[in-house]
Amino acid sequence: QVQLVESGGGLVQPGGSLRLSCAASGRILSINAMGWYRQAPGKERELVAAITGAGITQYVDSVTGRFTISRDNAKNTVYLQMNSLTPEDTAVYFCNVGVRVIGHLFETNYWGQGTQVIVSS
């Protein structure tokens, strides 16, 4: 019904920056909240940042002031600008989107395939 395609991960040195993108496509009536999660090896998946349909944002404390989440509603896309990256930011990053699918009564949550971010010198 809905596909999420992530891009922008890679290898970066400490202090560097990356920008992740997640584009939703398919039978989309509307999109509510959009978010980014990450999962490091041996750790649970955690919410990194989220943005509501009204543009209200929320961040986990460890990335506040370094990461910025934004969305382009015309493109059904959510972004995560990551600055001042540290090795502790190394993880697989997943986008998560709440979608009202055409013909469905309730919202459905969809996950991206994940994109690897490695911060290392």
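- Within the model, atoms OG of Ser25 and CD of Gln3 stand 4.5 Å from one another, a figure rounded to the nearest 0.5 Å.
- You'll find the side chain of Ile102 stays beyond 4.5 Å of the side chain of Ile28, heavy atoms only.
- The nearest pair of heavy atoms linking Pro14 to Ser121 is CD-N, 3.7 Å.
- Relative to the ring axis of Phe106, Arg100 does not place its NZ or CZ within 45° and under 6.0 Å from the centre.
- Annotation: the span from Leu20 atom CG to Ser7 atom OG amounts to 8.0 Å, rounded to 0.5 Å.
- Within the 3.5 Å criterion, the main-chain N or O of Ile118 finds no donor-acceptor partner in the side chain of Ser120.
- In terms of heavy-atom proximity, Gly8 sits nearest to Leu18 at O-CD2, 3.8 Å.
- Counting only distance, with no hydrogens or angles, the side chain of Thr64 and the backbone of Val60 share a donor-acceptor pair below 3.5 Å.
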Exercise. Step by step, would you call Val117 with Met82 a side-chain contact (heavy atoms from CB on, under 4.5 Å)?
Worked result: CA-CA 10 Å; Val117 172; Met82 305 185 294; 3.9 Å; yes
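- The disulfide bond (SG atoms under 2.5 Å apart) pairs that include a residue from residues 27-68 number zero, where partners must be two or more places apart or lie in different chains.
- Under the 4.5 Å side-chain heavy-atom criterion for Ile, Leu, Val, Met, Phe, Trp and Tyr, Val63 and Leu80 are members of the same hydrophobic cluster.
- Aromatic rings from Phe67 and Trp36 are positioned such that their centres are separated by 6.0 Å or more.
- For the atom pair OG1 of Thr52 and CD1 of Ile69, the computed distance is 10.0 Å after rounding to the nearest 0.5 Å.
- Identified under the side-chain hydrogen bond (donor to acceptor under 3.5 Å, both in side chains) test for residues 54-63, with sequence neighbours left out: Arg38-Ser62.
- Gln1 and Val101 get closest at one heavy-atom pair: OE1-CG1, 3.7 Å.
- When all heavy atoms of Ser84 and Asp89 are compared, the closest pair comes out as O-OD2, 4.3 Å.
- At least one donor-acceptor pair closer than 3.5 Å links the side chain of Thr90 to the backbone N or O of Val119.
- With hydrogens and angles ignored, the 3.5 Å screen pairs no side-chain donor or acceptor of Arg45 with any backbone N or O of Phe94.
- Taking CG from Leu4 and CD from Gln113, the interatomic distance works out to 8.0 Å, rounded to the nearest 0.5 Å.
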Problem set entry | Derivation and outcome, side-chain contact (heavy atoms from CB on, under 4.5 Å), residues Asn109 and Asn96 | CA-CA 7 Å; Asn109 244 270; Asn96 179 272; 2.3 Å; yes
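- Here Met34 contributes atom CE and Asp72 contributes atom CG; the two are 9.5 Å apart, rounded to the nearest 0.5 Å.
- Under the 4.5 Å side-chain heavy-atom criterion for ILVMFWY residues, no single connected hydrophobic cluster contains both Val97 and Val92.
- The distance from the OG1 atom of Thr68 to the OH atom of Tyr79 is 14.0 Å, given to the nearest 0.5 Å.
- In the hydrophobic clustering of ILVMFWY residues, with side-chain heavy atoms under 4.5 Å counting as a link, Ile31 and Val78 come out together.
- No hydrogens or angles considered: a donor-acceptor pair under 3.5 Å links the side chains of Ser17 and Asn83.
- Side chain of Gln116 to backbone of Gly9: no donor-acceptor contact under 3.5 angstrom is found.
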Problem set entry | side-chain contact (heavy atoms from CB on, under 4.5 Å) evaluation trace for Ile51 with Ile56 | CA-CA 5 Å; Ile51 184 168; Ile56 299 170; over 6 Å; no
Exercise. Given the rule in the side-chain contact (heavy atoms from CB on, under 4.5 Å) test, do Thr108 and Val99 qualify, once you have shown the distances and angles that lead to the verdict?
Worked result: CA-CA 5 Å; Thr108 303; Val99 179; 5.5 Å; no
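- The disulfide bond (SG atoms under 2.5 Å apart) pairs that include a residue from residues 21-121 are Cys22-Cys95, where partners are two or more places apart or lie in different chains.
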